[in-house]
Amino acid sequence: LFREVYGMGGYLNGFTTEEYTGYILMAHPDFLDRMLDIQADILFHSLFDAAKLEVTKGVVIEEIRQAQTSPTSREADAHKARLYRGTSYAHPVLGNAQGIRGLSRDGILEYYRARYVPNNMIAVLIGPIDQKTARTKLSQAFGSQAARPLSSYPGAVPAPPPRAEVFVEETPATRKRLALSLIVPGTERERYPAWEVLAGVLDERLHWAKDRRDAPRIQKVGAGFSLARDFALLEVTATFPRETDETAARRLVD
């Protein structure tokens, strides 16, 4: 697959998040039909060669090891574990080495066949193509795959804590990072656009405050609003050198 994609000057990659796996395939528009054919093979016809599977598991375990030695990744995982405790979102996206080693080919295939179905996917096609042609080509590439019932995975949904909580994580990083996170429940869904605007206003104010002449030295500051399936997250972050007074940084953010 990589040889074929690189042979047409293209790019192939993938990524994982707490809620979905994404696949990226880019090439010149002249190769659109071939790109869609390759993507269909990845999504619906993967073979999971047993020998290559062990090599791939080793690659993921190495990624886990690298994440564990990165202060930034460790901070993020510790923050998520506390913010989302009691839910599946508290676990690292990469998993752990023991879990990866224990994966069997049969278990992976079972998951693949159950979850990699067209009614559990979203296709995003970007380029110089009209909507009618895009729909036709997507239907040709993926239309032979039948929808199947999906097993539900019930679990607790992250919710705001009953009171504000403050945690300090000590790491060997050469800088400090402040993260303020607010879980916005799904009951606010109709007002999520207003929350998005709020995040933009906060981001602008934070940048203005950071650049004040009397402000403590802060390398990076900002606010953002992100959507999950059943909740949303408003987050303010600030990164500053170790010598910057934490109280001053927090006061600027507040």
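Owing to the predicted nature of the structure, the values given are computational and were not obtained by experimental measurement.
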| message | Please say yes or no: joined through hydrophobic side-chain contacts below 4.5 Å, possibly via intermediate residues, are Phe142 and Leu12 part of one cluster? | response |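 Linked, Phe142 and Leu12 end up in one cluster.
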
| query | Hey, quick one: are Val157 and Val184 part of the same hydrophobic cluster, counting side-chain heavy atoms closer than 4.5 Å, chains of contacts allowed? | reply |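 No, separate clusters.
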
Which donor-acceptor pairs under 3.5 Å do the side chains of residues 43-50 make with protein atoms, sequence neighbours left out?
residue	atom	partner	partner atom	Å
Ser46	OG	Ile42	O	2.9
Asp49	OD2	Ala51	N	3.1
Asp49	OD2	Lys52	N	2.9

| query | Which residue pairs satisfy the ring pair (Phe, Tyr, Trp, His ring centres under 6.0 Å) criterion with at least one member in residues 163-182, sequence neighbours excluded? | reply | none

| query | Can you list every ring pair (Phe, Tyr, Trp, His ring centres under 6.0 Å) pair that touches residues 58-77, not counting sequence neighbours? | reply |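 Residue pairs with at least one partner in residues 58-77: there are none.
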
| query | Could Glu169 and Arg74 be called an ion pair, given the rule that one side-chain N must be under 4.0 Å from one carboxylate O? | reply | no

| query | Is Asp130 salt-bridged to Lys132, going by a charged N under 4.0 Å from an acidic O? | reply |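 Salt bridge between Asp130 and Lys132, a charged N being under 4.0 Å from a carboxylate O: no.
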
Any side-chain heavy-atom pair of [X] and [Y] under 4.5 Å:
{"X": "Gln140", "Y": "Asp37", "value": "no"}
{"X": "Pro161", "Y": "Arg82", "value": "no"}
{"X": "Ile100", "Y": "Glu63", "value": "no"}

Donor-acceptor pair, side chain of [X] and main chain of [Y], under 3.5 angstrom:
{"X": "His207", "Y": "Gly222", "answer": "no"}
{"X": "Asp77", "Y": "Pro92", "answer": "no"}
{"X": "Asn119", "Y": "Pro149", "answer": "no"}

| remark: When every non-hydrogen atom of Ala249 is compared with those of Phe240, the smallest separation belongs to CB-CE2, 3.7 Å

| field | Listed partners of Arg175 passing side chain to side chain contact (heavy atoms under 4.5 Å, CB included), at least two apart | value |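 Thr72, Glu75, Ala173, Arg177, Gln219, Thr239.
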
Can you give each donor-acceptor pair under 3.5 Å made by side-chain atoms of residues 19-27, sequence neighbours left out, with the distance rounded to 0.1 Å?
residue	atom	partner	partner atom	Å
Glu19	OE1	Arg229	N	3.0
Glu19	OE2	Tyr89	OH	2.4
Glu19	OE2	Arg229	N	2.9
Tyr23	OH	Tyr116	OH	2.7

| remark: One should read off an interatomic distance between Arg113 CZ and Leu109 CG, to the nearest 0.5 angstrom, of 4.5 Å

| Contacts of Arg65 that satisfy side-chain hydrogen bond (donor to acceptor under 3.5 Å, both in side chains) - sequence neighbours left out |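 Partners of Arg65 under the side-chain hydrogen bond (donor to acceptor under 3.5 Å, both in side chains) test: Glu62.
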
